[in-house]
Amino acid sequence: AFIWSYLKEKKLYLFFFLVVAVILSVEMSLSPYLLKIIIDRVSLFSSDSEELLTILLIPVILYVSMSLILNINFRIYDYANLRLYPKLKADMTKDMYSYLIKHSDAFFQNSFSGSLTKKIFDMATNVELMIRTVNESFFPIICVLITSSFVLLIVVHYIFAIILIVWAIFFIYLSYVASIKLENYSKDLSELNIKASGKISDSISSITTVKLFSANNYEIKRINKSLENVVNADYKVHWQNLKISFVQGIGITMLTFFMLIALIYGRMHGWVTVGDFALVMTLSISILMSVYNVGQQIQQFAKMKGICKQALSIMQEAHEIIDLPDAEVMTVGPGLIEFKDVNFNYKDQKSLFNNLSITLNPGEKIGLVGYSGGGKSTFIKLILRLIEVQSGSILIDNQDITKVKIDSLINQLTIIPQNPDMFHRTIMENIRFAKPDATDEEVIMAAKKAKCHEFICELAEGYESLVGERGIKLSGGQRQRLAISRAFLKNSSILLLDEATSALDSLTESYIQQSLYDLMKNKTTIVIAHRLSTLKNMDRILVFDNGQIVEDGDLSSLLGDKEGTFYRLWKMQMDGFINNT
């Protein structure tokens, strides 16, 4: 159904494929018939007869012309393939990728990126093979069986047509039944291959950790265990192939036997000529090879279908977070954020937020603190709609964020995460990702504001330097400053910071702190703070504990409550700092 949704818009090519199959079937039936005529006429005349050349001229020319007709026929087929497959595969790949990236953040956290990539390209690789199998094997053999049976019925005897039709139906049916089990085996094999590929990709992407823990042998054993499962599944596929091929081989022997018996019997009773022998046996051999090929193709088709089914699993899983049918574009004004009776819990875990209600005023700089697991990151994710509330509502400038288009929401927000991701692209491209239409000058200005222009210029290729996968060629602090550059470039109304300076040393942190404060001006800013010293310039601090906001105030008022949670956190960090010093 998925493949047909693309092919139904390409009906002209399907028509070409059908015409090619019909021409091929006519040639496969006509060539043996012309050969029969040539042999029968040769047998009626002596070698020195002058009439022989005259009566053979037309059938010989037609017989020889078949190769030219076939050549033209196959080139038409090749041209149709050329026009169809590249665009078809590209469209499928684009659509699968487009659907995949709309899954929630949780979906990707629970999946190997390597496995997801392999599924997309498995589909693109196998879809052409599947369609070719239908066009090159299934269509032609159906046409060949029809035309060959008609020729045998009209030209020789109905018994040969009956033998051919009954045998073909029986042969193809057995191949189909056997292929059903093969399809299931192939689907299992594809799943195991994808898992093994994902584990290898995961290991390679964390190769530095593998080397730092001298875990080469451990990783090899872990991968080998997955590969053993692949080997066992592969054995099942090949064993099923072997059994199917054995049955098909017996089927070929049976057709040859019955045709020869019928020919001998017909010759003995005078209704089979020498030319009929040539016609029937030539047709039989051609059909044997074609039908046997179909049997083999059914096996391959089953394997490809199993792989494609597994690949399409990413399309069959519904998106967790979607735009409502009547969702509107969000427009952010001053940046008022309101949580109203919000309830949320992670899957299979106890409730985190219970009727949480809080108002963040426009332009406020708000710090979030608390013990790990208290709900700070969840608070941010809910605003970003990386996760959805179970009940209640979150409003931004009086607009329910679940009723606006997700992209329009994200466009009004900027987040600087604690561990920013970088693409294996140039520094210029990585910063410009925040605003794709930005000029080079705008990108460089944003980098200067984030105090990273200097280190970029020191690189051999400057802004055109590749940063490596996930920015591995850069230090943690450099990646963090590039993330801050993105925030300056995007310059949205609401700013979210997950301890944006945590990867920086104290000197660098103080160096860019003023730039961050400039970025926060006239913006509603929410800062998750692990270094409590970051909070000294916050207008307001929210203290989280087990999903509850247990304290809400500015720094001085919270420090004034010697029994409060914030004071205990502050004292613990200050004591740790003094001891370390």
Side-chain angles (χ1 to χ4, degrees), residues 90-111 113 116-117 120 314-315 317-340 342 344 360 362 377-390 392-417 419-423 425 428-439 442-443 446 482-498 500 519 523-526:
D91 287 345
M92 284 187 174
T93 300
K94 181 195 70 175
D95 290 345
M96 289 183 71
Y97 172 75
S98 299
Y99 189 89
L100 175 65
I101 61 173
K102 291 178 182 177
H103 279 299
S104 69
D105 193 52
F107 173 87
F108 291 99
Q109 289 176 0
N110 295 320
S111 305
S113 58
L116 297 174
T117 303
I120 291 177
I314 60 176
M315 300 286 286
E317 188 168 343
H319 292 138
E320 301 86 345
I321 301 174
I322 59 174
D323 288 331
L324 295 176
D326 58 348
E328 298 180 350
V329 175
M330 167 169 272
T331 54
V332 173
L336 172 68
I337 301 175
E338 299 172 274
F339 278 61
K340 293 187 175 181
V342 169
F344 176 81
L360 311 182
S377 294
T378 301
F379 190 83
I380 295 285
K381 287 181 178 180
L382 287 171
I383 295 173
L384 290 164
R385 281 193 74 189
L386 294 178
I387 51 179
E388 293 275 50
V389 299
Q390 270 87 47
S393 59
I394 301 174
L395 307 179
I396 296 181
D397 288 332
N398 300 312
Q399 300 164 88
D400 190 332
I401 65 172
T402 62
K403 297 179 180 178
V404 300
K405 294 183 181 297
I406 296 173
D407 285 346
S408 70
L409 167 67
I410 298 301
N411 286 336
Q412 304 296 335
L413 307 173
T414 296
I415 181 166
I416 304 177
N419 298 301
D421 285 329
M422 294 290 145
F423 299 99
R425 304 172 192 173
M428 181 69 75
E429 289 174 302
N430 269 286
I431 299 175
R432 185 181 277 127
F433 194 78
K435 187 181 175 183
D437 59 349
T439 64
E442 289 175 313
V443 171
L482 289 183
I484 296 170
S485 297
R486 286 174 174 170
F488 275 108
L489 184 63
K490 189 174 182 182
N491 195 31
S492 57
S493 304
I494 297 174
L495 184 62
L496 310 171
L497 289 81
D498 185 359
L519 180 63
K523 292 181 174 64
T524 303
T525 305
I526 303 174

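Values below: every heavy atom of this structure, side chains too, minus hydrogens, waters and symmetry copies. Position 1 is the first residue of the sequence, and the numbers go up from there.
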Under the salt bridge (Lys or Arg N to Asp or Glu O under 4.0 Å) rule, collect the residues that match up with [X], sequence neighbours excluded.
X      : result
Glu320 : none
Arg486 : none
Lys435 : Glu442
Asp91  : Lys87

Out of curiosity, [X] [atom1] to [Y] [atom2], how far, rounded to the nearest 0.5 Å?
X      : Y      : atom1 : atom2 : answer
Ile380 : Leu386 : CD1   : CG    : 10.0 Å
Ser377 : Leu384 : OG    : CG    : 11.0 Å
His103 : Ile321 : NE2   : CD1   : 12.0 Å
Thr524 : Leu496 : OG1   : CG    : 9.5 Å
Ile394 : Lys340 : CD1   : NZ    : 12.0 Å
Leu324 : Asp400 : CG    : CG    : 8.5 Å

Return the minimal non-hydrogen interatomic distance between [X] and [Y], and the atom names on each side.
X      : Y      : answer
Ala327 : Val404 : CB-C, 3.8 Å
Ile120 : Met96  : CA-CE, 4.1 Å
Gln412 : Ser408 : CG-O, 3.2 Å
Ala446 : Ser485 : CB-O, 3.4 Å
Arg432 : Thr439 : NH2-C, 3.7 Å

Item to check | ring-ring contact (aromatic ring centres under 6.0 Å, His included) against Phe423, all qualifying residues, sequence neighbours excluded | outcome: Phe433

Checklist entry - Would Leu489 and Val443 satisfy side chain to side chain contact (heavy atoms under 4.5 Å, CB included), going step by step from the backbone distance to the final call? => result CA-CA 7 Å; Leu489 184 63; Val443 171; 4.2 Å; yes

Item to check | Asp407/Asp323 under side chain to side chain contact (heavy atoms under 4.5 Å, CB included): CA gap, chis, key distance, verdict | outcome: CA-CA 9 Å; Asp407 285 346; Asp323 288 331; over 6 Å; no

Ignoring hydrogens and geometry, is there a side-chain-to-backbone donor-acceptor pair from [X] to [Y] under 3.5 Å?
X      : Y      : value
Asp397 : Leu336 : yes
Gln399 : Thr331 : yes
Lys523 : Gly335 : no
Asp498 : Ile415 : no
Asn430 : Met422 : no
Arg385 : Ile401 : yes

Next on the checklist: Quick check on side-chain contact (heavy atoms from CB on, under 4.5 Å): which of Leu413, Ile383, Leu497, Leu495 does Ile526 satisfy it with?
Outcome noted: Ile383

Checklist entry - Are any non-hydrogen side-chain atoms of Asn398 and Glu338 less than 4.5 angstrom apart? => result yes

Checklist outcome for this item: side-chain contact (heavy atoms from CB on, under 4.5 Å) filter on Thr378, not counting sequence neighbours, yields Phe344, Tyr346, Leu352, Phe353, Leu382, Ile387

